[in-house]
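Bear in mind that the values here come from a model prediction, so they are computed numbers and not experimental data. Values below: all heavy atoms of this structure, side chains included; hydrogens, waters and symmetry mates excluded.
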Amino acid sequence: MYPSRPRPAQVNAPAPFYEKIKKEISEKIASGVWQPHDRIPSEAELVAQYGFSRMTINRALRELTDEGLLVRLQGVGTFVAEPKGQSALFEIRSIADEIAARQHLHRCKVLRLEKTQANALQAVSLNVKEGTPIFHSVMVHFENELPVQIEDRCVNADIVPAYLTQDYSQTTPHAYLSLVAPLTEGEHIVEAVRATAEECALLNIKEHDPCLLIRRTTWSATEIVSHARLLFPGSRYRLQGHFMS
């Protein structure tokens, strides 16, 4: 019987560069060097600081955003996220982030951005009295110039008084609301619906084409911040969730 040949010692592969960046940023957040809502250095500043490529820095920031440690506002900057109070079955993400993760181009067309008085349905959705001043917005989101979502949102004006002054060609309502009124609870109601003639025209779909509707309510602390009606062409959207027991 031949003696067994000794196995070579295993050498641990060095961590990828983006993991090193993630670790350093996470440690700064955990230690309190960077507090919730603090703006962190830009991608260009992090490239200069660490000497890694912009692609490496971008991946680190993108993954930390997906993990809920950071909030990224297009054209504004990257901020430390408010610690989450609980996990949800479906992660609530900005559609712009979803599109960017696919390395596609996002564009938003604002159809309505106004102050109004809550009608009966909006009052119930926001848990306010009918006639209460609220903010109302309607937008169409595009992925590579293809319309993929109509967002019809009502917002509690007392909680988010500057909602109407934001540039939603540079950020999204969800990203802005997450920054100024951090999400602590969310609810999704999902159903298959038939779009109206006006909605079909906005989404560039045919009458009777299937659509997916998500009614999303979000809370900050104990108050409802917003209620959104999100309509997707059924052929251009897939709802995916991940959970662990």
>> I'd like to know whether Tyr176 forms a side-chain contact (heavy atoms from CB on, under 4.5 Å) with Val160, so could you lay out the CA-CA distance, the side-chain angles of the two residues, the decisive distance to 0.1 Å, and finally the verdict.
In response: CA-CA 10 Å; Tyr176 174 67; Val160 194; 3.6 Å; yes
> Is there side-chain contact between Ile40 and Leu70, with at least one heavy-atom pair below 4.5 Å?
Replying inline: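 Yes - at least one pair of side-chain heavy atoms lies under 4.5 Å apart.
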>> Once you measure the plane-to-plane angle for Phe17 and Phe52, does it fall in the parallel (<30°), tilted (30-60°) or perpendicular (>60°) bin?
In response: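 Phe17 vs Phe52 ring planes: parallel.
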> Given side chains that start at C-beta, do those of Glu198 and Cys200 come closer than 4.5 Å, heavy atoms only?
Replying inline: no
>> Could you go through Trp34 and Ile25, starting from their C-alpha distance and side-chain angles, then the distance that decides it, and tell me whether this counts as side-chain contact (heavy atoms from CB on, under 4.5 Å)?
In response: CA-CA 9 Å; Trp34 288 344; Ile25 292 176; 3.9 Å; yes
> Can you tell me how far the CG atom of Leu202 sits from the CD1 atom of Ile150, to the nearest 0.5 Å?
Replying inline: 4.5 Å
> Hey, what do you get for CD1 (Ile95) to CG (Leu230), rounding to the nearest 0.5 Å?
Replying inline: 8.0 Å
>> For Tyr163 and Tyr168, take the angle between the two ring planes, folded into 0 to 90°, and tell me which bin it lands in: parallel under 30, tilted 30 to 60, perpendicular over 60.
In response: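 If you compare the ring of Tyr163 with that of Tyr168, the planes turn out tilted.
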> Does Gly32 offer a backbone N or O that forms a donor-acceptor pair with the side chain of Gln35 under 3.5 Å?
Replying inline: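 Between the backbone of Gly32 and the side chain of Gln35 there is a qualifying donor-acceptor contact (under 3.5 Å).
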> Only one of Asn127, Ile134, Leu177, Val128 clears side-chain contact (heavy atoms from CB on, under 4.5 Å) with Asn156; which?
Replying inline: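 Considering Asn127, Ile134, Leu177, Val128, a side-chain contact (heavy atoms from CB on, under 4.5 Å) with Asn156 is found only for Val128.
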> Distance-only, no hydrogens or angles: does the Thr184 side chain make a donor-acceptor pair with backbone N or O of Ala221 under 3.5 Å?
Replying inline: yes
> Are Val190 and Val148 linked, directly or through other ILVMFWY residues, by side chains that come within less than 4.5 angstrom of each other?
Replying inline: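 In one cluster with Val190: Val148, yes.
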> Transitively linked via ILVMFWY side-chain contacts under 4.5 Å: Met55 with Leu105?
Replying inline: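 Different clusters: Met55 never reaches Leu105 through Ile, Leu, Val, Met, Phe, Trp or Tyr contacts under 4.5 Å.
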> Got a donor-acceptor contact below 3.5 angstrom from the Ser26 side chain to the Lys22 backbone?
Replying inline: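 Yes, the answer is positive, given that a donor and an acceptor are paired below the 3.5 Å cut-off.
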> Got a sec, which residues hit salt bridge (Lys or Arg N to Asp or Glu O under 4.0 Å) with Lys109, two or more places apart in sequence or on another chain?
Replying inline: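 If we apply the salt bridge (Lys or Arg N to Asp or Glu O under 4.0 Å) test to Lys109, skipping adjacent residues, there are no hits.
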> Charged N to carboxylate O below 4.0 Å: is that the case for Arg229 and Glu151?
Replying inline: no
>> Is there a continuous path of hydrophobic side-chain contacts, each under 4.5 Å between heavy atoms, that joins Ile224 to Val155?
In response: no
> Is there a side-chain contact between Cys154 and Leu126 (heavy atoms, below 4.5 Å)?
Replying inline: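 A side-chain contact under 4.5 Å exists here.
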>> With a 4.5 Å cut-off on side-chain heavy atoms, are Phe232 and Ile214 touching?
In response: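 Yes - at least one pair of side-chain heavy atoms lies under 4.5 Å apart.
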> Are any of the side-chain nitrogens in Glu187 or Arg216 under 4.0 Å away from the carboxylate oxygens of its partner?
Replying inline: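 So Glu187 does not pair with Arg216 through a salt bridge.
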> Shortest non-hydrogen contact from Ala181 to Val225?
Replying inline: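 Taking Ala181 first and Val225 second, the nearest heavy atoms are CB-CG2, 4.0 Å.
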>> Please determine whether residues Leu121 and Val138 belong to a single hydrophobic cluster, defined as Ile, Leu, Val, Met, Phe, Trp and Tyr linked transitively by side-chain heavy-atom distances below 4.5 Å.
In response: no
> How close do Ala81 and Pro36 get, heavy atom to heavy atom, and via which atoms?
Replying inline: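 That would be O-CB, 3.9 Å.
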>> Leu231 vs Val193, test: side-chain contact (heavy atoms from CB on, under 4.5 Å). Steps then yes/no.
In response: CA-CA 9 Å; Leu231 184 69; Val193 299; 3.6 Å; yes
>> How close do Val140 and Pro147 get, counting heavy atoms only, and between which atoms?
In response: CG1-CB, 4.0 Å
> Do Ser226 and Arg153 have side-chain N/O donor and acceptor atoms under 3.5 Å apart?
Replying inline: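 A donor-acceptor contact under 3.5 Å links the two side chains.
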>> Quick check: do His106 and His141 have side-chain heavy atoms less than 4.5 Å from each other?
In response: yes
> Distance from Thr217 atom OG1 to Ile189 atom CD1, nearest 0.5 Å?
Replying inline: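 Between atom OG1 of Thr217 and atom CD1 of Ile189 there are 6.5 Å.
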> Is any side-chain N of the basic residue among Glu27 and Lys23 closer than 4.0 Å to the acidic one's carboxylate O?
Replying inline: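 Answer for the salt bridge query: yes.
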> Below 4.5 Å, heavy atoms only, C-beta onward: do Thr78 and Pro41 meet side chain to side chain?
Replying inline: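 With C-beta onward as the side chain, the pair stays apart.
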> Between Ser137 and Leu111, is a side-chain contact (heavy atoms from CB on, under 4.5 Å) present by the stated rule, with each step listed?
Replying inline: CA-CA 8 Å; Ser137 60; Leu111 303 179; over 6 Å; no
> Below 4.0 angstrom, N of the basic side chain to O of the carboxylate: do Lys20 and Glu24 qualify?
Replying inline: no
> Would a 4.5 Å heavy-atom cut-off, applied to side chains only, mark Glu45 and Gln49 as touching?
Replying inline: no
>> Less than 6.0 angstrom separating the ring centers of Tyr50 and Tyr18, yes or no?
In response: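 Distance test on ring centres: not under 6.0 Å, no.
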> What heavy-atom pair brings Lys115 and Leu164 nearest, and what distance separates the two atoms?
Replying inline: N-CD1, 3.8 Å
> At their closest point, which heavy atom of Cys211 faces which heavy atom of Ala195, and how far apart are they?
Replying inline: SG-CB, 3.8 Å
>> Using side-chain heavy atoms (C-beta onward) and a distance below 4.5 Å, is Val71 in contact with Thr65?
In response: no
> Are Trp219 and Ile159 joined in one hydrophobic group, where the rule is that I, L, V, M, F, W and Y side chains link up if heavy atoms are under 4.5 Å apart?
Replying inline: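 No, no single cluster joins them.
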>> Test your reading of the model: is there a side-chain donor-acceptor pair from Glu19 to the backbone of Pro16, 3.5 Å cut-off?
In response: no
> So how far is it from Leu113 CG to Phe135 CZ, rounded to the nearest 0.5 Å?
Replying inline: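 CZ of Phe135 is found 9.0 Å from CG of Leu113.
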>> I'd like to check the salt bridge (Lys or Arg N to Asp or Glu O under 4.0 Å) partners of Glu191; sequence neighbours left out, ordered by chain and number.
In response: Arg215
> About how many Å separate CD of Glu199 and CG of Asp209, when rounded to the nearest 0.5 Å?
Replying inline: 13.0 Å
> Side chain of Gln166, backbone of Ala162: donor and acceptor closer than 3.5 Å?
Replying inline: yes
> Taking all non-hydrogen atoms of both residues, which atom of Pro173 and which atom of Met139 are closest, and how far apart?
Replying inline: CG-CE, 3.5 Å
>> When you measure from the side chain of Thr132 to the backbone of Lys129, do you find a donor-acceptor pair of N or O atoms at a distance under 3.5 Å?
In response: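 Yes: the side chain of Thr132 pairs with the backbone of Lys129.
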> Does a donor on one side chain and an acceptor on the other come within less than 3.5 Å for Asp152 and His136?
Replying inline: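 Present: a donor and an acceptor within the cut-off.
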> Pairs in or reaching into residues 32-44: which pass salt bridge (Lys or Arg N to Asp or Glu O under 4.0 Å), with residues at least two apart or in two chains?
Replying inline: Glu43-Arg54, Glu43-Arg72
> Looking at NE2 of His104 and CG of Leu146, how far apart are the two atoms once the value is rounded to the nearest 0.5 Å?
Replying inline: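 The NE2 atom of His104 sits 11.0 Å away from the CG atom of Leu146.
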>> With a sphere of 6.0 Å drawn around CD of Glu207, does it hold more than 12 non-hydrogen atoms of other residues, nucleotides or ligands?
In response: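 Open: at most 12 neighbouring heavy atoms sit under 6.0 Å from CD of Glu207.
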> For the side chain of Ser220 and the backbone of Pro182, is there at least one donor-acceptor N/O pair under 3.5 Å apart?
Replying inline: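 Yes: the side chain of Ser220 pairs with the backbone of Pro182.
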